[in-house]
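None of these values were measured; they are calculated from a predicted model.
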Amino acid sequence: METETSFFDLYDVDLKDKRSVIGKGAFSTVHRCVNKRTGEVCAVKVIALKSLRSSEINKIKREIGICSSLQHEHIVSMRRAFRDESHFYLVFEYVSGGELFDEIVTRKFYNEKDASACMHQILSALQHCHSKNIIHRDLKPENLLLASKDPNAPVKITDFGLAVIMEQGPTYFGFAGTPGYLSPEVIRRVPYDTAVDVWACGVILYILLVGYPPFWEEDHQKLYAQIKNCQYDFPSPEWDSVTTAAKELIKAMLEPNPKRRPTVQELLQHPWIARRDVPGSVHRQATLEELKKFNARRKLKGGVNAVIGVSKMMRTMQEATRALTLSAKSKQAATVAEKQDTLVPAGPAKAVLEVNDELLKAVASGDWDAYTTMVDPNVTCFEPEAAGVLAKGLAFHKFFFDNRSPNADKMKTTLHDPAVQMFGDTAIVTALRVVQFVADDGPKTTRYEETRVWVKDAAFKFGWKLVHFHRSGAHATPN
Ligand code: AMP
């Protein structure tokens, strides 16, 4: 990273001129700029230091290190990076073709050969990353761009914000990625390696062939269960016209055991990828129709598909809030977004409520691993189970997870009237929790009042940890 030469010495851009803006993230603005010496048009991501915590500054430095070590025709190339007292300036090659999936749906003709050509380019970029022990960790349609509007423009992988360098074999780098593309080993929270990118490519290839994803559930816990159990299939009629070679390839990439999954190197030798004469040549109109719907859905549901990783989580929340404001103003406002806008608080309060929701899901499903990614090891609580004492630490709660009622799966929990109060980095969530269950004499409902205290902490899965909670005794429906 250059600190001696100023970004402004080498590049022409007027950051105050709104016309130079080509995109926005929560912490960054992307401007079009021109290299004064070569005349090359570039995209500069300008990130204000004052909006960043030290852990986020370290992540940007890691991203700069990784991007500057990658030079490949199918990777959006970083030209230079600068830092001054107030900003980072990350200069990238300018790509003008938009997202690959948005372009595919405009095609008049699309077949397996086209899908194979896209996958070949993605894999060759990945081969370059993996040869340097770099794991991308966030491969998904949003990060597959086209260099230009030309019909044969190359595909380019972008966004190395979650990428990591693997120094000594499989390592647990944390729970990171985007839900629908997470591999079973990431979900199991065990050490993992470059094979996670192969899994994500398997998901992408499935979508490229039929236009919808192999794993799909609104509820993240259910989605993760589907992925862990590798529950996907090749339904008729849309898969009937796909060649056996393509299906076998997907099965190999979506192999739950990462050790048995092929490497990128091996995939590039696979006949369906390497020899373009193998893939089927039937025009796949139904895939284009499905892909249009899939593109629309994922753009609406940015929040649902949120990237996991703390700063990314916050960024997604802020972007979702921005999208809601925009959609409320727009005539073509999305119904889903508008509904969310009126039902759910915005900004950090919204983020906390979502984490609170994830926590209740972990409790309801008895998922101890998920629970501990959100709860401080020194959590304190006052609740009926603690019989009037202030219980401290996780061990107290582990007992209840280990000795779960056999009927727990039949209970239904809903949260009513949740409210969030923010005090700097602390959030207090108050709500009514209603539990429905079946007793010997029929269905029953119990109500509790709950207060949960969350504190921002980047070391926890969603950037928040539960430090205290308080639950009233049960108000049960009369017999
Ligand atoms: P990001 O924060 O990386 O998601 O970038 C925000 C937006 O800036 C993107 O959605 C693009 O519209 C634009 N952008 C980012 N990088 C580039 C690039 N290299 N070339 C052209 N536009 C870009």
message = Let me confirm one number: the NZ-CG distance from K465 to L359, rounded to the nearest 0.5 Å.
response = 14.5 Å

query = In Å, rounded to the nearest 0.5 Å, how long is the span from SG of C67 to CD1 of I75?
reply = 9.0 Å

Aromatic contact, Y192 with F173 (centres under 6.0 Å) = yes

inquiry  = We want to know whether D367 and Y224 form a side-chain donor-acceptor pair, criterion being a heavy-atom distance below 3.5 angstrom.
reply    = no

request  = Before giving the answer on ring pair (Phe, Tyr, Trp, His ring centres under 6.0 Å), spell out for F215 and Y232 the whole-Å C-alpha distance, their side-chain angles and the decisive distance to 0.1 Å.
outcome  = CA-CA 6 Å; F215 309 103; Y232 75 94; 5.7 Å; yes

Contact summary for V13 and H31, nearest pair of heavy atoms = CG2-CB, 4.0 Å

ask   = For the side chain of H136 and the backbone of D159, is there at least one donor-acceptor N/O pair under 3.5 Å apart?
value = yes

All N/O donor-acceptor pairs, side-chain side in residues 391-401, below 3.5 Å, sequence neighbours left out:
unit_1: K398; atom_1: NZ; unit_2: D402; atom_2: OD1; d: 2.9
unit_1: K398; atom_1: NZ; unit_2: D402; atom_2: OD2; d: 3.2

message = Using modelled atom types and a 3.5 Å cut-off, is there a donor and acceptor pairing between side-chain atoms of E266 and backbone atoms of T263?
response = yes

inquiry  = I'd like to know if E358 and K461 make a salt bridge, using a cut-off of under 4.0 Å between side-chain N and carboxylate O.
reply    = no

ask   = If you measure from the Lys or Arg side-chain nitrogens to the Asp or Glu carboxylate oxygens, is any gap between R83 and E85 under 4.0 Å?
value = no

inquiry  = Does this structure show an ion pair linking K228 with E185, if we count only N-O contacts that are shorter than 4.0 Å?
reply    = no

request  = Check for a donor-acceptor pair, side chain of Q226 on one end and backbone N or O of W216 on the other, with a separation under 3.5 Å.
outcome  = yes

ask   = In Å, rounded to the nearest 0.5 Å, how long is the span from CG of N143 to CG of L100?
value = 12.0 Å

ask   = Between the main-chain N or O of R433 and the side-chain N or O of R471, is there a donor-acceptor pair closer than 3.5 Å?
value = no

note = Which of R137, K140, R298 passes side-chain hydrogen bond (donor to acceptor under 3.5 Å, both in side chains) with T178? Answer is K140

query = Say you draw a straight line from NZ of K247 to CG of D233; how long is it, rounded to the nearest 0.5 Å?
reply = 11.0 Å

ask   = Quick check: does any side chain N or O of S183 sit under 3.5 Å from a backbone N or O of V196, one acting as donor and the other as acceptor?
value = no

message = Quick one about W454 and N356 (side-chain donor to acceptor, distance below 3.5 Å, no hydrogens or angles considered), yes or no?
response = yes

query = Considering residues at least two apart in sequence or located in another chain, which fulfil the side chain to side chain donor-acceptor pair (under 3.5 Å) criterion with S54?
reply = none

inquiry  = For F382 and H470, take the angle between the two ring planes, folded into 0 to 90°, and tell me which bin it lands in: parallel under 30, tilted 30 to 60, perpendicular over 60.
reply    = tilted

request  = Is it possible for you to check whether K444 lies under 6.0 Å from the centre of the six-membered ring of F437, through NZ or CZ, and within 45° of that ring's axis?
outcome  = no

key: Sidechain N-carboxylate O distance under 4.0 Å for E63, K59   = no

request  = State the CZ-CD1 distance between R32 and I22, to the nearest 0.5 angstrom.
outcome  = 8.0 Å

request  = Could you tell me whether the side chain of T426 and the main chain of V455 form a donor-acceptor pair under 3.5 Å?
outcome  = no

note = Separation between CD (Q231) and CD (E217), nearest 0.5 Å, reads 9.0 Å

message = Looking at R261 and E255, is there a salt bridge between them, counting it only when a charged N and a carboxylate O are closer than 4.0 Å?
response = no

message = Does this structure show an ion pair linking E450 with R452, if we count only N-O contacts that are shorter than 4.0 Å?
response = yes

